[in-house]
Protein chains: 2
Amino acid sequence: MKKGVDNMCPVFNESSQSNAPLTDRIFDLLQDSIIKGDIPAGSKISEPELAKTYGVSRGTLREALSRLEERHLVVRSPNHGVRVVSLSYEELIETYQIREVLGGLGSRLAARNMTDEEIAGLRALLYEHEKSIEEDQGLSYYQKEGEFDFHYLVLRGSRNKKLLDILDGGLYQLIRMYRYQVSTTSSRPSHALKEHHRIVDAIEERDEELADYLMCRHIRTARISVEERHRNMKAENDNNG
Amino acid sequence: MKKGVDNMCPVFNESSQSNAPLTDRIFDLLQDSIIKGDIPAGSKISEPELAKTYGVSRGTLREALSRLEERHLVVRSPNHGVRVVSLSYEELIETYQIREVLGGLGSRLAARNMTDEEIAGLRALLYEHEKSIEEDQGLSYYQKEGEFDFHYLVLRGSRNKKLLDILDGGLYQLIRMYRYQVSTTSSRPSHALKEHHRIVDAIEERDEELADYLMCRHIRTARISVEERHRNMKAENDNNG
DNA sequence: TATAATGAATGTGTCGACACTTTTTGGTTG
DNA sequence: CAACCAAAAAGTGTCGACACATTCATTATA
């Protein structure tokens, strides 16, 4: 499963090594469970119960929860406990707005700083994705996570660590969560791939401005698609209600 | 001290209420100490010692440290302890690059979403700052924190909570830290104020594109000033060494 | 005298326990 | 039967303790 792309991109679960501190592993596990919906969005968390589930002490778990809270994946109200965020449409759009300009910046910097080898690797990834789309097998993986692999490589190429921190450590999560929840199989994956190729073209030609512009537009397209889907769902609800 | 601007802007130390959970208060205290340099950058932290200093248990303090780590204000290496970040020049520039596009986005959204009352408040703040600059008293405060009050109000006006989260919860800190450390009394505070006024002009006229552009340029100016200062310091060091 | 081995001291990782607060339950009363 | 109050159950906030890892000081050795 996951084909050759497996382990290519350490974006998620950075510290799941079995020798890493327990708290870190719990943090990763929890984050994954929240994003994938194993722990339902909006549900309340019982610290003793969760601690028993993962087989760790409450203090250890609370440390992980503190970090999750800092990442806005859970919300804690004093004396009332912790509950998983319930992603709102507005928040999702806000996230896309930010991702748009940051993605643009990342792409621009990537055009400036990426090595030729890295660019080749990026292109290779896209061919992987193409194959994945043709076969039904990898399709679901590509649409759920594959796109992040691409964006991750670009971000790495930007040489701006803070940028990667922000996007990988807090911003992507919401979007991934959304994808898992509404299982949004982007209607035209091949179209997205074409856009990816164009972005790599621009990076390859060291055309910073174009790379910036194309990435912005690419993400804006995704946002608009979400907005459309939302309008449709709302209209449908209004009809049924 | 701090004149009338006191308590005007709750950007920092949000949860220092005396009834807030102990962990949160420790978190705020620690963050402030780190930013202001009371706990020197790069210094190693002894958990038992710090816990005794603040009069809390180690578990409580560790929770705060976990959040500080998520915010990249401290770095933890397993079994080797926690040490305060030592801000590097590169990281600072990276931060400015991001702040540039995010500030632009915030300003653009502020032009779209701010109410007339909010805009009036923004203008009032600038007049406060003008007065502060004329009197020597408030000068140091303005140059250290006043500018953040301005940017904070704009961000609030953008109606994009995530944007505020990112900038206030992680990005501004580095820059504030830098200001305290090199006590960079921006050479031309009145010039910065003029730029602020122009930005408010654009917001007032609901000129999104101009607001975006001016804010970007304003932050870019700050970045370039930092870069220049850095070049000068380096040149001086090279001469003396 | 420099270096390597060894034991003490300090520090981190993790856990279990207790006090106080909120929620739930179940009985009581109008 | 509904509304209300009280006791119990569950949960959160905070603390202290112990095992293991790391660092430091000391001593023994080449």
Side-chain angles (χ1 to χ4, degrees), chain A residues 13-31 33-34 38-86, chain B residues 13-31 33-34 38-86:
Chain A
N13 302 340
E14 308 98 14
S15 55
S16 289
Q17 328 285 343
S18 54
N19 60 345
L22 203 38
T23 303
D24 294 10
R25 273 182 288 166
I26 298 297
F27 173 80
D28 286 340
L29 251 46
L30 271 176
Q31 175 167 267
S33 297
I34 290 175
D38 297 343
I39 303 177
S43 67
K44 201 184 137 208
I45 281 179
S46 158
E47 290 181 5
E49 189 182 325
L50 248 199
K52 214 168 59 182
T53 302
Y54 285 96
V56 299
S57 112
R58 247 189 75 220
T60 303
L61 182 130
R62 275 179 66 94
E63 252 183 72
L65 285 180
S66 293
R67 290 171 57 188
L68 258 346
E69 188 195 7
E70 192 66 23
R71 224 169 244 218
H72 300 284
L73 252 60
V74 302
V75 179
R76 159 180 280 142
S77 19
N79 284 320
H80 284 239
V82 175
R83 74 174 48 244
V84 179
V85 290
S86 49
Chain B
N13 301 340
E14 309 97 12
S15 56
S16 290
Q17 328 284 342
S18 55
N19 60 346
L22 201 40
T23 303
D24 294 9
R25 273 183 287 164
I26 298 297
F27 173 79
D28 285 339
L29 251 45
L30 270 177
Q31 174 167 269
S33 297
I34 291 176
D38 297 343
I39 303 178
S43 66
K44 202 184 140 211
I45 282 180
S46 157
E47 290 182 5
E49 189 182 327
L50 248 198
K52 214 169 60 181
T53 303
Y54 285 96
V56 300
S57 110
R58 247 189 76 218
T60 304
L61 183 131
R62 274 178 69 93
E63 253 183 71
L65 285 180
S66 292
R67 289 172 58 190
L68 258 344
E69 188 195 6
E70 193 65 23
R71 223 168 246 220
H72 300 283
L73 251 61
V74 302
V75 179
R76 185 194 321 254
S77 18
N79 284 320
H80 283 240
V82 175
R83 73 174 50 241
V84 179
V85 290
S86 49

Expressed in angstrom and rounded to an integer, what is the separation of B:Arg83 atom CZ from D:dT22 atom P? 16 Å
Does any donor-acceptor pair link the side chain of A:Arg76 with the base of D:dG13 at a separation under 3.5 Å? no
Check this one for me: any side-chain N or O of B:Thr60 less than 4.0 Å away from OP1 or OP2 of D:dC15? yes
Please pick, from D:dC15, D:dT12, C:dT14, the nucleotide with the shortest atom-to-atom distance to any side-chain atom of A:Arg62. D:dT12
Looking only at non-hydrogen atoms, find the nearest pair between A:Ala64 and A:Leu30 and report the distance. CB-CD1, 4.4 Å
Between A:Arg67 and A:Asp24, does the side-chain contact (heavy atoms from CB on, under 4.5 Å) criterion hold? Intermediate values first, please. CA-CA 10 Å; A:Arg67 290 171 57 188; A:Asp24 294 10; 3.0 Å; yes
Contact under 4.0 Å: B:Ser46 side-chain N or O vs C:dT10 OP1/OP2: no
For the pair made of NE2 in B:His80 and P in D:dT22, what is the distance, rounded to whole Å? 5 Å
Donor-acceptor pair (no angle test) under 3.5 Å: A:Arg58 side chain, D:dG11 base: no
Please give, in whole Å, the distance from D:dT12 C1' to B:Asp24 CG? 13 Å
With heavy atoms under 4.0 Å as the rule, sort A:Ile45 into base, sugar-phosphate or nothing. sugar-phosphate
Take the protein atom CD1 of A:Ile26 and the nucleotide atom P of C:dG13, then report the distance between them rounded to whole Å. 15 Å
A:Thr23 side chain: which of D:dG13, C:dT14, D:dC15 is closest? C:dT14
Return the value, rounded to whole Å, for the distance between atom CG of B:Leu50 and atom P of C:dT12. 10 Å
Which heavy atom of A:Thr23 sits nearest to which heavy atom of A:Glu63, and what is that distance? CG2-CB, 3.5 Å
Against the side chain of A:Pro48, the closest entry in D:dT12, C:dG13, C:dT22 is D:dT12
Identify the two heavy atoms, one from B:His80 and one from B:Lys44, that lie closest to each other, and give their separation to 0.1 Å. O-CE, 3.5 Å
Sorted by position of nearest nucleotide on DNA chain D, 5' first, the leading residue of B:Lys44 and B:Ser57 is B:Ser57
Between B:Glu49 and B:Gly59, whichever has its closest DNA chain C nucleotide further toward 5' is B:Glu49
Using the rule given for salt bridge (Lys or Arg N to Asp or Glu O under 4.0 Å), can you reason through B:Arg76 versus B:Glu47, listing the C-alpha separation, both sets of side-chain angles and the distance that settles it, and then say yes or no? CA-CA 12 Å; B:Arg76 185 194 321 254; B:Glu47 290 182 5; 3.7 Å; yes
Among the candidates D:dC15, C:dG13, D:dG13, find the nucleotide nearest to the side-chain atoms of A:Glu47. D:dG13
Distance, rounded to the nearest Å, where B:Asn79 contributes CG and D:dA19 contributes C1': 12 Å
May I have the distance from A:Glu63 (atom CD) to C:dT14 (atom P), rounded to whole angstrom? 8 Å
Find the distance A:Leu61:CG to C:dG16:C1' and express it as a whole number of Å. 15 Å
